[in-house]
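Heavy atoms only: backbone and side chains are in, while hydrogens, waters and symmetry mates are out. Convention: sequence-line order gives letters A, B, ...; per-chain numbering from 1.
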Number of protein chains: 2
Amino acid sequence: MTETPTPAAQCCAPLRAPTLSDAETAATAALFKALSDPHRVRIVNLLAVADEAVCVCDLTGPLSLSQPTVSHHLKKLVAAGLLDRERRGTWAYYSLNRTALRRLADVADLRGGTP
Amino acid sequence: MTETPTPAAQCCAPLRAPTLSDAETAATAALFKALSDPHRVRIVNLLAVADEAVCVCDLTGPLSLSQPTVSHHLKKLVAAGLLDRERRGTWAYYSLNRTALRRLADVADLRGGTP
DNA sequence: GCACTTCATCGACGAATGTCAATACAATCT
DNA sequence: AGATTGTATTGACATTCGTCGATGAAGTGC
């Protein structure tokens, strides 16, 4: 997979949109799909409360998952645009993309604009 | 399936919550999972723009899906608490549960309370 | 160079998902 | 009662998903 399709968080459209293209519908579903797993919800929650970026080794414990599985989930969240990845030496630090999460909240908001 | 587990939309907790129980995490993931399919996103969008309740036969066309498949998706959305079902004679009318969608928007909102 | 650590990818497995045709159920009408 | 219409359920199928062990890849320090 050398392709890097644009993150769903950048293509999604609000559920209240008057018309929704197929691409927007797919992107919106993909965005929700990224959060459709309990472990990924937990990851986002951990990153939301931690104001510091977190590395993979800090997540395997709280999640009770193997390291490959944690990397797998992180990759999905990054692909969706919800997480940012940064390398510091040997470590890979992940942090929340607050802009993407703002957009997610707006997608689910049935009333008007983005304050 | 005679069990009727409480809808995810009533058990979910915001992603910004300081601590998230396993049950809350699972419910939150289940809520997102209900919207992780493009056809279900389309259904919610159709119901969001239509201020009238909609029956199954009105959805098979726009979705290009068979009637059993549409019923299957509707059932999942109702189970998640996002849709309400009402029988009128032979027809089954579905409508958006605006409270549940409000809650969904709040789940994704990283900043404070529920205005 | 080599050893070591951290993370990503690969391969395989069982489990869950979306889909449809066929069938059953429910409500209405004659 | 029987016929008809709209909806729900069943059973089967291919596909996708989450998980792990094993292996690679990248970086650090000796």
Of all heavy-atom pairs linking R85(A) and A92(A), the shortest is NH1-CB, 3.7 Å

Contact under 4.0 Å: K33(B) side-chain N or O vs dC17(D) OP1/OP2 = no

L59(B), V56(B), D84(B), I43(B) screened by side-chain contact (heavy atoms from CB on, under 4.5 Å) with Y94(B), the one that passes | V56(B)

d(CG, L74(B); P, dT9(D)) in whole Å = 11 Å

What is the distance from OH of Y94(B) to P of dG6(D), rounded to the nearest Å?
-> 15 Å

Of C57(B) and H39(A), whose nearest nucleotide on DNA chain D comes first from the 5' end?
-> C57(B)

For H73(A) and dT19(D), give me the distance from atom NE2 to atom C1', rounded to whole Å.
-> 8 Å

Heavy atoms under 4.0 Å, any strand shown: does H72(B) hit a base, just sugar-phosphate, or nothing?
-> base

Protein-proximity profile, nucleotides 20-30 of chain D, B/S/- by nucleotide at the 4.0 Å heavy-atom cutoff, equals BBB----SS--

What is the distance from atom CG of L15(A) to atom CG of L47(B), rounded to the nearest 0.5 Å?
-> 11.0 Å

From CG of L77(B) across to C1' of dT7(D) the rounded distance in Å is 16 Å

Tell me, please, which residues at least two apart from R42(A) pass salt bridge (Lys or Arg N to Asp or Glu O under 4.0 Å).
-> D22(B)

In this structure, which one of D37(B), L63(B), L83(B) forms a side-chain contact (heavy atoms from CB on, under 4.5 Å) with H73(B)?
-> D37(B)

Would you list the atom pairs, donor with acceptor, under 3.5 Å between side chains in residues 27-34 of chain B and any protein atom, with sequence neighbours excluded?
from: T28(B); atom 1: OG1; to: A13(B); atom 2: N; distance (Å): 3.1
from: T28(B); atom 1: OG1; to: A13(B); atom 2: O; distance (Å): 3.3
from: T28(B); atom 1: OG1; to: E24(B); atom 2: O; distance (Å): 2.7

Tell me what Y93(A) touches on the nucleic acid: a base, only sugar-phosphate, or nothing, going by heavy atoms under 4.0 Å.
-> nothing

Counterpart residues, side-chain hydrogen bond (donor to acceptor under 3.5 Å, both in side chains), relative to H72(A) (two or more places apart) = none

Quick one: is dT7(D) close enough that its OP1 or OP2 comes under 4.0 Å of any side-chain N or O from K75(B)?
-> no

Does D106(B) come within less than 4.0 Å of R16(B), counting only side-chain N to carboxylate O?
-> yes

Check which hydrophobic residues are tied to Y93(A) through side-chain heavy-atom contacts below 4.5 Å, counting indirect links as well, and list them.
-> W91(A)

Heavy-atom contact window of chain A on DNA chain C, given 5' to 3' at under 4.0 Å | dT5(C) to dT9(C)

